[in-house]
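Below is one structure, written out as structure tokens, with a few remarks after it.
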There are 2 protein chains.
Amino acid sequence: MPAEGAVGLRADARQNRDRIVEVARRLFADRGLDVPMAAIARHAGVGVATLYRRFPTKEALVTEVFADQFEACVSVVDDALADPDPWRGFCTAIEKICGMQAADRGFGTAFVAAFPEAVEIERERDRAIQAFAELTRRAKAAGRLRADFSPDDLALLLMANCGVVAGSAGEAGVASRRLVAYLLGSFRAEQADPLPPPARLSLHDVLDSPTSATRPVRRAGAGPTAHQGTTAPQGTGDR
Amino acid sequence: MPAEGAVGLRADARQNRDRIVEVARRLFADRGLDVPMAAIARHAGVGVATLYRRFPTKEALVTEVFADQFEACVSVVDDALADPDPWRGFCTAIEKICGMQAADRGFGTAFVAAFPEAVEIERERDRAIQAFAELTRRAKAAGRLRADFSPDDLALLLMANCGVVAGSAGEAGVASRRLVAYLLGSFRAEQADPLPPPARLSLHDVLDSPTSATRPVRRAGAGPTAHQGTTAPQGTGDR
DNA sequence: TGCTAAGTGGAGACCCTTGTCCACTTAGTC
DNA sequence: GACTAAGTGGACAAGGGTCTCCACTTAGCA
């Protein structure tokens with residue numbers, strides 16, 4: 001599926017577009033989401049204007065680049081639901097998603113970040129979350145997943161994994177696998193130690209957090225997204 | 001201990017310096033390390049020049065601000081070593097350190113980040129790491145900590161916690177506590193499931209990683225501070 | 001009180017981003 | 001081959017960061 005954004009393009013333009021996406025995918029994977037647009041353009045052998053003509057904002061480019069990875073995520077969860085053993089499905093789904101995050105520095109950030117423009121993708125993600133909740137239910141019913149596991153703990157796990165991937169440079173894969181192994185070990189039903197309450201924040205909540213320090217696409221000076229006034233008045237027109 | 005950087009200062013200057021540190025501490029805690037120097041100056045009621053006169057770089061300010069928190073970290077581990085029950089010591093040390101990270105958005109980043117200038121602090125941190133390794137040994141000897149736990153897993157845990165804290169905004173404390181509970185549950189000796197190998201990266205390694213995406217102090221567009229040429233030629237004058 | 005070195009604030013240099021504009025080039029059709 | 005709409009690249013605007021410079025103010029001492 002060579003992207004529907006490329007229909008009706010002149011042959012050379014289409015080639016350029018494809019190269020841009022390809023280069024961006026590689027750069028995002030290697031260096032995270034904050035590689036500058038100019039670097040992408042240069043690597044693709046085009047000017048910035050060309051890049052911006054195809055993708056009016058950086059967000060649009062990121063969205064396009066990760067669209068199929070998002071899709072892959074959804075089908076990972078779907079596959080997990082199809083597994084007759086819900087616990088095995090649960091574990092492999094988590095392992096695969098975290099593996100994808102570890103293999104691509106940009107993807108983890110993109111997954112956790114907000115894409116206000118990309119409604120399509122948001123819906124995908126929400127569907128995946130729904131499916132995961134169902135998977136959770138089944139794994140609990142099978143008596144393999146501890147009863148006090150909250151579906152919101154998926155957010156916890158993803159953020160933790162994101163931190164590990166971001167911090168461990170070359171060793172991201174190994175580090176991520178180990179973290180996941182530890183956590184899955186703790187998710188099993190036999191684990192009876194009581195837990196503190198789950199954080200009252202699903203992935204959805206995290207997304208619109210004004211202080212999402214995991215660096216979404218929008219950089220410092222972006223739009224005034226509706227604040228949920230956590231802190232004190234603070235007054236001074238800061239930052 | 002009102003900081004040795006303040007000796008011989010005129011009374012008013014000293015007052016300003018103290019206010020700067022105090023304000024910076026609060027802002028870093030609330031909003032992370034990337035609050036601009038100008039904002040700190042404004043909140044402290046001084047001009048940027050004054051700020052830069054006392055702290056020649058942002059790094060210097062961060063170092064000063066977190067010096068005593070680093071110290072507190074070290075004594076947390078010392079306390080843990082003093083506990084007759086090494087497993088309890090191990091758990092409370094981890095809980096306290098992660099709690100400190102969760103309570104202060106800047107601290108986690110600072111802890112994981114590199115401070116090439118702050119030799120003093122690096123030494124502190126290294127000492128804490130040594131002490132933690134000893135704690136690990138004892139907890140294993142007591143048969144409470146799983147044998148395949150690697151001291152490097154502390155780095156894993158801290159990075160994971162850092163990710164959670166960064167991503168969960170207001171709920172950082174709750175989220176962090178839950179993550180830690182999960183992980184400690186998995187660290188116990190009764191947990192027999194085999195683990196994938198540990199990431200071959202201690203905190204030390206992470207520190208000098210050229211791609212430390214956990215956002216150390218130095219930002220992208222900073223000044224021409226003498227770079228420590230860590231990385232390869234890299235070719236294209238990128239980024 | 002008056003002197004002076006220490007301290008100060010604000011303008012601005014400099015760099016890095018994202019995104020726009022416009023004169024030029026070129027693919028594709030007749 | 002010539003025409004034209006589509007496509008292009010590089011300069012540049014706008015805005016955000018760190019850090020510097022320098023004319024002015026002021027604490028502290030005699």
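All values below come from the heavy atoms of this structure, side chains included, with hydrogens, waters and symmetry mates left out. Letters A, B, ... are given to chains in the order of the sequence lines, protein chains preceding strands, and every chain is numbered from 1.
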For nucleotides 21-30 of chain C, give me one character per nucleotide, 5' to 3': B if any protein heavy atom sits under 4.0 Å from the base, S if the only such contacts are to the sugar-phosphate, - if neither.
B----BSS--
Please enumerate all residues that pass side chain to side chain contact (heavy atoms under 4.5 Å, CB included) together with [X], with sequence neighbours excluded.
X        : result
A:Val46  : A:Asn16, A:Arg19, A:Ile20, A:Ala41, A:Ala44, A:Thr50
B:Ala128 : B:Val74
B:Ala80  : B:Ala93, B:Leu135

Can you tell me the distance, in whole Å, between the [atom1] atom of [X] and the [atom2] atom of [N]?
X       : N      : atom1 : atom2 : answer
B:Leu27 : D:dG17 : CG    : P     : 13 Å
A:Met37 : C:dT17 : CE    : P     : 12 Å
B:Tyr52 : C:dT8  : OH    : C1'   : 16 Å
B:Gln15 : D:dA27 : CD    : P     : 10 Å
A:Glu59 : C:dT17 : CD    : C1'   : 16 Å
B:Arg17 : C:dT8  : CZ    : C1'   : 17 Å
B:Ile40 : D:dG17 : CD1   : P     : 11 Å
A:Leu51 : C:dT17 : CG    : C1'   : 14 Å

Does A:Val48 reach a base, just sugar-phosphate, or nothing at all? Heavy atoms under 4.0 Å.
base
Residue set satisfying side chain to side chain donor-acceptor pair (under 3.5 Å) with B:Asp12, at least two apart, ordered chain then number -> B:Arg10
Suppose we screen for side chain to side chain donor-acceptor pair (under 3.5 Å). Which residues come up paired with A:Asp153, at least two apart in sequence or across chains?
B:Arg178, B:Tyr182
Can you tell which of D:dG17, C:dT18, D:dT8 lies closest to the side chain of A:Arg54?
D:dT8
Winner on side-chain proximity to B:Ala13, out of C:dG7, D:dG9, D:dC19, is C:dG7
Does C:dG7 have its OP1 or OP2 closer than 4.0 Å to a side-chain nitrogen or oxygen of B:Asn16?
no
Would you indicate, yes or no, if D:dG9 has its OP1 or OP2 atom less than 4.0 angstrom from a side-chain nitrogen or oxygen of A:Thr50?
yes
I need the single residue from B:Asp18, B:Asp30, B:Asp104, B:Asp68 that forms a salt bridge (Lys or Arg N to Asp or Glu O under 4.0 Å) with B:Arg25. Which is it?
B:Asp68
Specify whether A:Phe66 and A:Phe107 have parallel, tilted or perpendicular ring planes, treating 30° as the upper limit for parallel and 60° as the lower limit for perpendicular.
tilted
